[in-house]
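Working notes, beginning with the structure itself.
Being a predicted model, the structure only gives us computed values, none of them experimental. So that the names make sense, note that chain A is the first sequence line, chain B the second, and so on, each numbered from 1.
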Number of protein chains: 2
Amino acid sequence: MTRIPAADRRSALVRAALRVVADRGVAQATTRAIVAEAGMSLASFHYAFQSRDELMVELIRHVVDEEATAVLPEAPIEDADGRGERESLRQILRAGLQRYADHVSGDPLREKAMLELTQYALRSPELHHLAVAQYERYHSLAAEALDTAARQSGSVWLHPVGEVARLLVSLTDGLTIAWLVDRDDSATAKLLDVTADSVAALGRPA
Amino acid sequence: MTRIPAADRRSALVRAALRVVADRGVAQATTRAIVAEAGMSLASFHYAFQSRDELMVELIRHVVDEEATAVLPEAPIEDADGRGERESLRQILRAGLQRYADHVSGDPLREKAMLELTQYALRSPELHHLAVAQYERYHSLAAEALDTAARQSGSVWLHPVGEVARLLVSLTDGLTIAWLVDRDDSATAKLLDVTADSVAALGRPA
DNA sequence: TCAATAGTGGGGCAGTTGACCCAGTGCACA
DNA sequence: TGTGCACTGGGTCAACTGCCCCACTATTGA
């Protein structure tokens, strides 16, 4: 009988739930499945959480937080003094897209889980705002990355960066789904090339 | 006791199931809910279908077929003799994107259902190939539309049209999700502008 | 006209689900 | 050291799920 503070159990259960959702899907993420994954008893679950729904809220919050930090830190490091080689906007975009694609293919199940959780949130009035917050964060992250890319390449965007950001997020979402469906790596690689071209066309040298 | 041939019941059940999935989600599409929606008894369900899974297969097949015919017929009619006004590639793309966006906002629940069903298929080994077929069809539909757009505007694509098609499908998928999440019509309108610009940049006058 | 058959309906079954209860147990703090 | 309480485990519950059974009935076609 290992005694664990309720707060610790909460986070352990959230992590276990994420594994279950990734491996088997939201529908199979029953309290029992989660509890088994975490190696706990059912009672511990309901001691830590009032209900399964409460866990789901926490789970979505958790993945949103993680996703935000997962892609961002790998963003290109900006030259402090600007004396380094200047990459073209297209090159920077292409590299960023590659990082994202690697992130996805590095853990496909996680990405599948993210999409499922978004859909799940979209079905529940109480959770909908979490999905909205998730996408607001995506958009601002993308805007930030695009700002950096423009600065690094000495370019300016021909549209408000927020609009380009929405384009970028839509693109990454879409290519994620397409890849999850057909796992066509070579098609995706070419898609990244095309994407970099088309997005880069939205900027011009300053 | 209205007697209905099993084949008719099958399609009635499939249509009822689609309504239930759209309104309440895949998880709530229980045999009882579907049967209630169709106004039948539970026994009729299992007379028409061996199992719920069999219905889901049929349902996915059905929506894939429908989706294909839903967007295509609205595609721009090509000038038979080519003497008409030539629209720019960008204009044609923008108009096509608008049609798609209208299609989505015209029936948001349907689109949500499509996405959920794709995810559902992605979770089942037996259904996965249906999702693959679905996206193959999307891609070829997009390629066809892009070909037409290029011809109509007297342009050529700088990349193989299949690659641009994958970009277009990714884009539409992504913007659908974003809109389903935040329902931001003005952001979407601007996104369509930006998208048309960036995709049009992948073509040049022939 | 009358059997064979396609289709119907209600009741029921076993398995799974989320949630709960409560007697017990180890830990922290006095 | 002891006492209060956070925490545990196992058993239980009602609701819901997909599926099945079987007596019954309308329809068909010989």
Sequence neighbours excluded - salt bridge (charged side-chain N to carboxylate O under 4.0 Å, His left out) pairs with any residue from residues 178-191 of chain B: R166(A)-D182(B)
Whole-Å distance between dC19(D) C1' and Y47(B) OH? 17 Å
Expected string for nucleotides 13-20 of chain C under the B/S/- scheme (protein heavy atoms, under 4.0 Å, primed atoms plus P, OP1, OP2 as sugar-phosphate) is ----BBB-
I34(B) CD1 to dC16(D) P, in whole Å, measures 17 Å
Qualifying ring-ring contact (aromatic ring centres under 6.0 Å, His included) pairs with a residue from residues 165-196 of chain B, counting only residues at least two apart or across chains: none
What residues form a salt bridge (Lys or Arg N to Asp or Glu O under 4.0 Å) with E37(A), not counting sequence neighbours? R19(A)
Find the distance I4(B):CD1 to dT28(D):P and express it as a whole number of Å. 14 Å
Hits for side-chain contact (heavy atoms from CB on, under 4.5 Å) against T195(A), two or more places apart or cross-chain, chain-then-number order -> L97(A), L171(A), L191(A), V199(A), L167(B)
Could you list the donor-acceptor pairs under 3.5 angstrom formed between side-chain atoms of residues 112-121 of chain B and any protein atom two or more places apart in sequence or on another chain?
residue	atom	partner	partner atom	Å
K112(B)	NZ	L122(A)	O	3.3
E116(B)	OE1	V26(B)	N	2.8
E116(B)	OE2	R123(A)	NE	2.5
E116(B)	OE2	R123(A)	NH2	2.9
T118(B)	OG1	M114(B)	O	3.0
T118(B)	OG1	Q134(B)	OE1	3.3
T118(B)	OG1	Q134(B)	NE2	3.4

Starting at atom CZ of F49(B), determine the distance to atom P of dG7(C), rounded to an integer number of angstrom. 13 Å
For the pair H103(B) and Y100(B), name the ring-plane relationship: parallel under 30°, tilted 30 to 60°, perpendicular over 60°. tilted
Could you spell out the base pairing of DNA chain C in dot-bracket, with Watson-Crick or G-U pairs whose two distances are under 3.5 Å, [ ] crossing and | to another strand? ||||||||||||||||||||||||||||||
By ring pair (Phe, Tyr, Trp, His ring centres under 6.0 Å) - contacts of F45(B) (at least two apart): F49(B)
Any residue of residues 115-131 of chain A with a heavy atom less than 4.0 Å from an atom of DNA chain C: none
Who are the side-chain contact (heavy atoms from CB on, under 4.5 Å) partners of D23(B), not counting sequence neighbours? L109(B)
For D193(B), enumerate each residue passing the salt bridge (Lys or Arg N to Asp or Glu O under 4.0 Å) test, keeping only those at least two apart in sequence or located in another chain. R90(B), R94(B)
Using the salt bridge (Lys or Arg N to Asp or Glu O under 4.0 Å) criterion, which residues pair with E54(A)? Sequence neighbours excluded. R10(A)
